2 protein chains.
Amino acid sequence: MKLKNEYDCPLHLTMDLIGNKWKPLLLFHLLNGPLRSGILQKKIPGISNKMFTQTVRELERDQLLSRKVYPVVPPKVEYELTETGKSLETILRDLDAWGKQRML
Amino acid sequence: MKLKNEYDCPLHLTMDLIGNKWKPLLLFHLLNGPLRSGILQKKIPGISNKMFTQTVRELERDQLLSRKVYPVVPPKVEYELTETGKSLETILRDLDAWGKQRML
DNA sequence: CAGTATCCTCGGCGATACTG
DNA sequence: CAGTATCGCCGAGGATACTG
């Protein structure tokens with residue numbers, strides 16, 4: 001990750017944080033509340049196990065979502081948007097709406 | 001590109017169209033009007049010549065921008081947002097604003 | 001100036017198998 | 001159920017040189 005003041009424009013920073021195929025998708029599916037790991041993953045057809053774990057880890061590192069581990073067997077893990085993550089809600093819904101428009 | 005009705009959710013379509021590091025950046029810099037090829041490219045530090053051409057071609061194919069060639073020497077090419085491209089304006093500005101917020 | 005062609009490398013990513 | 005480890009491929013993408 002670059003230093004913040006190295007960016008030529010703010011959009012560049014944004015794209016570094018969520019500018020790939022999966023991140024917006026993951027965040028979008030968490031808009032309605034926390035989800036268990038398995039459930040969330042099933043909502044993203046086409047993503048591999050590895051990519052899922054990796055992506056979710058990066059989002060956690062960048063404070064866009066939080067990871068909650070329940071000390072039970074079998075293991076239970078939930079992912080939930082942080083406040084920062086939630087601040088993307090409007091954008092995520094707009095992106096979804098835009099796609100919807102193009103599907104017609 | 002998948003068939004439109006193969007998508008599980010509209011956002012997925014959107015991400016296929018503009019879900020990478022460079023596309024939103026390119027489109028963003030065209031919001032204020034058409035730009036010559038060289039000028040546009042210089043506005044995107046870090047992009048290679050090859051990636052620039054490739055990305056711009058994909059955006060043209062997907063009807064998000066148009067390419068206008070002037071029959072002069074030396075060559076002059078301008079890129080301009082299509083109506084579809086312009087329909088992303090709000091989203092692009094929001095993404096930029098979001099990044100700005102995070103830079104503080 | 002704008003773009004193409006070629007080469008080559010590095011790492012993204014899937015597949016599979018395994019652990020707590 | 002959730003996640004890690006390992007292997008291996010293939011293609012994204014950079015560097016360079018060249019054309020109209």
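These numbers were taken from a predicted model, which means no experiment stands behind them. A, B, ... follow the sequence lines: proteins, then strands. Residue 1 opens every chain.
Residues B/Met15 and A/Phe28 form no side-chain contact, since every pair of their non-hydrogen atoms from C-beta on lies 4.5 Å or further apart.
Not a single donor-acceptor pair under 3.5 Å links the side chain of A/Asn20 to the backbone N or O of B/Asn20. Between the side chain of B/Thr14 and the main chain of A/Leu95, a donor-acceptor pair closer than 3.5 Å is present.
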Got a list of side-chain donor-acceptor pairs under 3.5 Å for residues 42-53 of chain B, not counting sequence neighbours?
{"unit_1": "B/Ser48", "atom_1": "OG", "unit_2": "B/Met51", "atom_2": "N", "d": "3.2"}
{"unit_1": "B/Thr53", "atom_1": "OG1", "unit_2": "B/Asn49", "atom_2": "O", "d": "3.3"}

Only pairs under 3.5 Å count here: list side-chain donor-acceptor contacts from residues 67-88 of chain B, not counting sequence neighbours, and write none if there are none.
{"unit_1": "B/Arg67", "atom_1": "NE", "unit_2": "B/Tyr79", "atom_2": "OH", "d": "3.3"}
{"unit_1": "B/Tyr70", "atom_1": "OH", "unit_2": "B/Glu78", "atom_2": "OE1", "d": "3.1"}
{"unit_1": "B/Thr82", "atom_1": "OG1", "unit_2": "B/Gln63", "atom_2": "O", "d": "2.6"}
{"unit_1": "B/Thr82", "atom_1": "OG1", "unit_2": "B/Leu64", "atom_2": "O", "d": "3.2"}
{"unit_1": "B/Thr82", "atom_1": "OG1", "unit_2": "B/Thr84", "atom_2": "N", "d": "3.4"}
{"unit_1": "B/Thr82", "atom_1": "OG1", "unit_2": "B/Gly85", "atom_2": "N", "d": "3.1"}
{"unit_1": "B/Glu83", "atom_1": "OE2", "unit_2": "B/Lys86", "atom_2": "NZ", "d": "3.4"}
{"unit_1": "B/Ser87", "atom_1": "OG", "unit_2": "A/Trp98", "atom_2": "NE1", "d": "2.9"}
{"unit_1": "B/Ser87", "atom_1": "OG", "unit_2": "B/Thr84", "atom_2": "O", "d": "2.4"}

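Between B/Tyr79 and C/dG3, a side-chain N or O to OP1/OP2 separation shorter than 4.0 Å is present.
Annotated stems with DNA chain D as a participant read C:1-20 with D:1-20, given as range with range, by first number; only runs of 3 or more Watson-Crick or G-U pairs under 3.5 Å qualify.
Residues passing the salt bridge (charged side-chain N to carboxylate O under 4.0 Å, His left out) test with A/Glu89 are A/Arg93, sequence neighbours excluded.
Separating the CZ atom of A/Arg57 from the P atom of C/dG12 is a distance of 17 Å, rounded to the nearest angstrom. When the C1' atom of C/dC13 is taken as reference, atom CG of A/Asn20 falls 12 Å away, rounded to whole Å. Atom-to-atom, CD of A/Gln54 to C1' of C/dC13 comes out at 8 Å; the value is rounded to the nearest Å. Nucleotide D/dG13 holds its P atom 10 Å from the NZ atom of B/Lys23, rounded to whole Å.
Among the heavy atoms of the strands, none lies under 4.0 Å from B/Tyr70.
Pairs engaging residues 23-35 of chain A under the side chain to side chain donor-acceptor pair (under 3.5 Å) rule: A/Lys23-A/Glu58 [sequence neighbours left out].
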Letter per nucleotide, 5' to 3', of nucleotides 14-20 of chain C [B base touched, S only sugar-phosphate touched, - untouched; heavy atoms, 4.0 Å]: BB----B

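Nearest heavy-atom pair, B/Asp96 versus A/Cys9, reported as atom, atom and distance to 0.1 Å: OD1-SG, 4.2 Å.
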